[in-house]
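Just so we're on the same page: letters track the sequence lines, and every chain starts at 1. Fair warning: this is a prediction, and the values are worked out from it, not measured in the lab.
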2 protein chains.
Amino acid sequence: MASKSSKSSPRPKTRDRILQTALALFNEEGEAEVSTVEIAAVLDISPGNLYYHFKGKDAIIEGLFDDFEEEIRQVLTAPIAKPLAVEDNWIYLYIIFEEIHDFRFFYNALPTLLDRCPSLQPRFRRLMALKQDVAKAILISLQKAGVLAISQTGVDLLAERIALQITYWIQYCSLKDPNRKEAALIHEGVFSILSQLTPWLGEDGIAYATLLEEFYESRNA
Amino acid sequence: MASKSSKSSPRPKTRDRILQTALALFNEEGEAEVSTVEIAAVLDISPGNLYYHFKGKDAIIEGLFDDFEEEIRQVLTAPIAKPLAVEDNWIYLYIIFEEIHDFRFFYNALPTLLDRCPSLQPRFRRLMALKQDVAKAILISLQKAGVLAISQTGVDLLAERIALQITYWIQYCSLKDPNRKEAALIHEGVFSILSQLTPWLGEDGIAYATLLEEFYESRNA
DNA sequence: GTCTATATTAGGATAGAC
DNA sequence: GTCTATCCTAATATAGAC
């Protein structure tokens with residue numbers, strides 16, 4: 001019942017090519033600025049053909065969301081295993097950011113998009129909640145391990161702020177500087193989020209901050 | 001050279017009624033979903049009349065931005081006077097949030113809107129930078145006063161996170177729960193932002209946290 | 001599955017009378 | 001300043017041949 005965009009069939013399937021091209025165009029120009037005709041033109045197929053595969057633009061958007069949801073769920077449901085040290089969670093942030101970047105057209109007009117495709121509303125909301133829950137779970141495990149000296153309500157607030165920052169970091173940075181390279185942008189986002197934990201680390205805070213800055217600089221040259 | 005939407009002339013001026021109605025509709029349904037014809041219909045004037053006052057929808061948007069920019073600048077350029085204690089800055093947060101809420105249609109599709117109205121791009125970017133600069137200035141004065149135990153780069157990071165959170169808080173909360181009342185939403189946003197300062201307050205942190213929660217509860221009944 | 005052709009609609013925008 | 005009437009354009013969507 002979900003979309004099979006993976007390696008089930010041999011041929012280059014038009015349906016998948018449509019999704020792929022639509023995604024690229026949406027991300028570049030914004031979903032609102034891209035018409036079905038344009039997608040078809042880029043693919044060098046007829047609009048009629050496109051409509052054979054998708055009932056319309058909304059169906060394409062839903063198809064793309066299927067992919068996004070699947071990938072993001074994989075990331076979010078996997079890592080609830082080993083929190084280790086604070087700095088070991090950065091890899092998940094990276095992956096989430098990359099996922100969001102890949103589907104950034106979606107995040108660039110969330111309210112508009114969700115009320116044009118009401119079926120996506122609950123699904124997106126569940127993803128947001130899941131993201132925040134995972135953040136909270138990680139924070140709590142760090143708290144219980146004595147790494148984070150933070151109160152219970154502090155955890156809730158922090159988890160929410162982190163979830164918000166993850167959601168909008170890429171858009172915010174792109175607004176400030178549209179020419180920013182993806183890698184640098186994501187790297188800085190991870191750094192910004194992790195650096196937020198510093199003041200709750202007590203004595204280890206200084207060491208952590210140093211470590212974090214080294215990590216940050218390491219990719220900045 | 002700016003828009004005169006204030007009390008300069010006696011009559012109820014159609015131009016202003018257009019702006020006012022457009023703003024209400026944009027906020028409710030999203031800018032993309034509102035046509036010039038619809039605006040005219042709600043106002044009970046003809047589309048032709050609307051086009052007499054504004055070259056088109058983009059001109060209306062720019063007119064609204066003029067108002068927004070003016071108001072937000074007033075707030076942001078005024079307060080650089082007395083930072084006092086941490087908790088005294090909450091009033092500015094309130095006002096900024098209300099301003100953003102009043103023009104939320106704009107924030108709900110920033111990337112799309114800005115590349116449809118390129119003239120607004122540098123203006124909006126300046127506003128974002130100003131917001132972040134003000135946040136930073138306040139944080140620095142608190143730091144210098146010995147209230148905030150935070151490093152120089154810590155201030156930069158914190159100011160950026162705060163600016164981001166201000167920008168997107170309302171949208172984020174509305175996505176989670178569309179029925180949330182404006183007042184509660186803003187109140188919680190102010191609380192969330194201020195609570196972020198707690199861990200840098202050292203010994204006063206506990207007192208501050210308590211004070212903050214009382215402030216939060218006080219409006220929550 | 002894919003094409004060509006075309007129907008349908010709606011939004012943006014203007015001309016000219018009042 | 002305001003209205004009526006109308007045009008233009010572009011996007012969505014479908015029918016029917018290949």
Side-chain angles (χ1 to χ4, degrees), chain A residues 3-5 8-26 28-64 105 109 112-113 115-120, chain B residues 3-5 8-65 105 109 112-113 115-120:
Chain A
S3 74
K4 295 278 141 45
S5 63
S8 40
S9 359
R11 288 192 266 19
K13 298 238 284 192
T14 303
R15 198 195 122 93
D16 288 340
R17 296 205 311 136
I18 293 172
L19 286 177
Q20 178 195 329
T21 302
L23 178 58
L25 291 173
F26 288 168
E28 264 169 55
E29 310 173 24
E31 175 270 327
E33 269 56 58
V34 180
S35 68
T36 51
V37 185
E38 187 183 348
I39 298 171
V42 170
L43 276 168
D44 217 39
I45 65 174
S46 69
N49 190 1
L50 186 148
Y51 273 86
Y52 169 81
H53 291 282
F54 292 96
K55 273 196 194 307
K57 216 168 118 180
D58 290 0
I60 296 178
I61 294 171
E62 287 182 38
L64 288 171
F105 84 92
T112 311
L113 223 88
D115 83 36
R116 257 227 353 235
C117 307
S119 68
L120 298 186
Chain B
S3 75
K4 295 278 140 46
S5 62
S8 40
S9 2
R11 289 194 263 21
K13 299 240 283 195
T14 302
R15 197 195 124 94
D16 287 340
R17 297 205 310 136
I18 293 172
L19 286 177
Q20 179 194 328
T21 301
L23 177 58
L25 290 173
F26 288 168
N27 280 338
E28 265 169 53
E29 311 173 22
E31 175 270 329
E33 268 57 55
V34 180
S35 67
T36 51
V37 185
E38 187 183 349
I39 298 171
V42 170
L43 276 169
D44 216 40
I45 64 175
S46 68
N49 190 1
L50 188 147
Y51 273 87
Y52 169 80
H53 292 282
F54 292 96
K55 273 198 196 302
K57 216 168 119 180
D58 289 1
I60 296 179
I61 294 172
E62 286 182 38
L64 288 171
F65 188 84
F105 84 91
T112 311
L113 223 87
D115 84 35
R116 257 232 347 241
C117 307
S119 68
L120 298 186

Legend entry - Minimum-distance nucleotide to A:V37 side chain [options: D:dT12, D:dT2, C:dT2]: D:dT12
Inset, instruction - Look at the side-chain N and O atoms of B:T36 and state whether any lies under 4.0 Å from the OP1 or OP2 oxygen of C:dG12. - result: yes
Inset, instruction - Whole angstrom is fine here: how far is it from CG in A:L50 over to P in C:dA5? - result: 18 Å
Legend entry - Check: B:T36 and B:F54 side chains under 4.5 Å, non-hydrogen atoms: no
Inset, instruction - Please tell me if the side chains of B:I60 and B:K55 come closer than 4.5 Å, counting only heavy atoms from C-beta onward. - result: no
Inset, instruction - Tell me what A:D58 touches on the nucleic acid: a base, only sugar-phosphate, or nothing, going by heavy atoms under 4.0 Å. - result: nothing
Inset, instruction - Taking only the side-chain nitrogens and oxygens of B:Y51, find out if one of them lies under 4.0 Å from OP1 or OP2 of C:dT14. - result: no
Inset, instruction - Using a heavy-atom cut-off of under 4.0 Å over every strand shown, decide if B:G48 touches base, sugar-phosphate, or nothing. - result: base
Legend entry - salt_bridge(A:E31, A:K57) N-O dist < 4.0 Å: yes
Legend entry - Distance in angstrom units between A:R17 CZ and C:dT2 C1', rounded: 12 Å
Inset, instruction - Kindly indicate, with the supporting measurements, whether the criterion side-chain contact (heavy atoms from CB on, under 4.5 Å) is fulfilled by B:I61 and B:L120. - result: CA-CA 9 Å; B:I61 294 172; B:L120 298 186; 4.0 Å; yes
Inset, instruction - Select base, sugar-phosphate, or nothing to describe what A:S46 touches, counting heavy atoms under 4.0 Å on all strands. - result: base
Inset, instruction - Could you state the atom-to-atom distance from CD of B:E31 to P of C:dG12 in whole Å? - result: 9 Å
Inset, instruction - Give a yes/no answer on whether the side chain of B:N49 brings an N or O atom under 4.0 Å of OP1 or OP2 in D:dC3. - result: yes
Legend entry - A:K57 NZ to D:dT12 P, straight-line distance once rounded to whole Å: 5 Å
Legend entry - Spacing of B:R116 atom CZ relative to C:dG12 atom P, expressed in whole Å: 8 Å
Inset, instruction - For residues A:R17 and A:I45, determine if any side-chain heavy atom of one lies less than 4.5 Å from a side-chain heavy atom of the other. - result: yes
Legend entry - Distance test, side-chain N/O of A:S35 to OP1/OP2 of D:dA10, below 4.0 Å: no
Inset, instruction - Using whole Å, report how far CZ of B:F54 lies from P of C:dG12. - result: 15 Å
Inset, instruction - Among C:dT2, D:dT12, D:dG1, find the nucleotide with the atom closest to the side chain of A:Y52. - result: C:dT2
Inset, instruction - Would you indicate, yes or no, if C:dA13 has its OP1 or OP2 atom less than 4.0 angstrom from a side-chain nitrogen or oxygen of B:K55? - result: no
Legend entry - Nearest-angstrom distance from the residue atom CD1 of B:I18 to P of D:dT2: 8 Å
Inset, instruction - Take atom CD1 of B:I39 and atom C1' of C:dA10, then tell me their distance rounded to the nearest Å. - result: 15 Å
